[in-house]
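Okay, structure first, notes after.
One-based numbering, in listed order, for ligands and for the atoms of each. The model shown is predicted, which means the values in this text are computed figures rather than measured ones.
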Amino acid sequence: MQPSRLVILGAPVAHSLSPAMQGAALAAAGIPLGYEALHVEPPALADTLAGLVREGAAGNVTIPHKEAVAALCDEVTPVAQSVGAVNTFWSAGGRLFGDNTDVGGFDALARHAAGAGGAGLSDATVAVLGAGGAAAAVLVAAAGWPGSRVRIHARGVERARELAGRIGVGEVVPSLADAVAGADVVVNATPLGLRYEDDLPAPLAIIDRRSLLLDLVYRRGGTRWVQAAHADGRRAADGMRMLVEQGALAFVRWFGVEPDREAMWRALD
Ligand code: NAP
């Protein structure tokens, strides 16, 4: 059944690009629904979700609610179960369902950036920088690349150990230089780069020239890390494709049809 209403829940949420992107997808599909950003503080989350379920609403979830929504769902997909977080929800018959499309979104970004349908991701050594919710999605995606090995580096070693233990993927490497040395793929899953003046997640000098750099942070024209990598003749991509693909996978969950991805990209421009 089609959702009665579409929202994104977060705090803060005003900065989210999802309303513009999903609004464009809805318009292109001729679906007469809006997509609203709902600022919800953590204490109000359970009641807000209960109200949305009564209305038959669906939507997305962003910081800081992804883990809490997973716990509030009546049923989650195996992928959301593995990540321990939900970024996409829908409701039916008074029940709340959750999925995590960040995993598929990251997988699509990596396959596109690696080229050849992602063939080069098999047997890859993947260095993941950061140990939060986005890193969890990366670990689950990388676990699906045959023969891959994952290293996790985060400034909080305990958080990294907890993540590796919970997901059952990855070796924690306390030294950044050791984590990225010889890696085929280096993923920035920290917020570094959200502000242009931020430090780079890892200096290019310690990263192998043939490594593929994937930045989950996105910025029009590329993040500074991606720009620096391109200027140095390296392969790199920012997280814009992950944003579009996680949104497209959510759209398929809600409506059972593929959205117009071109319209979504245009809206982000
Ligand atoms: P999170 O749960 O807050 O985790 C962030 C991780 O980065 C933590 O390990 C944190 O360490 C670390 N970190 C934070 N500030 C740092 C700094 N200044 N230097 C080094 N490490 C730092 O956040 P998240 O949900 O995983 O999201 C991370 C980023 O991914 C977001 O900022 C967002 O831009 C991006 N993202 C993109 C997409 C997409 O569709 N492209 C989707 C999801 C997320 P501590 O635990 O020590 O704080």
*Hey, what else clusters with V172 if you join Ile, Leu, Val, Met, Phe, Trp, Tyr whenever side-chain heavy atoms sit under 4.5 Å?*
V157
_Heavy-atom contacts with ligand 1 below 4.0 Å: which residues, ordered by chain and residue number?_
I63, G130, A131, G132, G133, A134, R155, R159, A189, T190, P191, L192, L194, L216, V217, Y218, G239, M242, L243
*asked:* Walk me through whether E197 and R224 qualify under salt bridge (Lys or Arg N to Asp or Glu O under 4.0 Å).
replied: CA-CA 9 Å; E197 64 275 18; R224 202 157 62 82; over 6 Å; no
*Salt-bridged, R195 to D198, with N to O below 4.0 Å?*
yes
_I'd like to know if R161 and E158 make a salt bridge, using a cut-off of under 4.0 Å between side-chain N and carboxylate O._
yes
*Is it true that E245 and R261 have a side-chain N and a carboxylate O under 4.0 angstrom from each other?*
yes
*Start with the C-alpha distance between K66 and D102, add both sets of side-chain angles, then the distance that settles salt bridge (Lys or Arg N to Asp or Glu O under 4.0 Å), and finish with yes or no.*
CA-CA 11 Å; K66 291 182 182 183; D102 284 335; 2.8 Å; yes
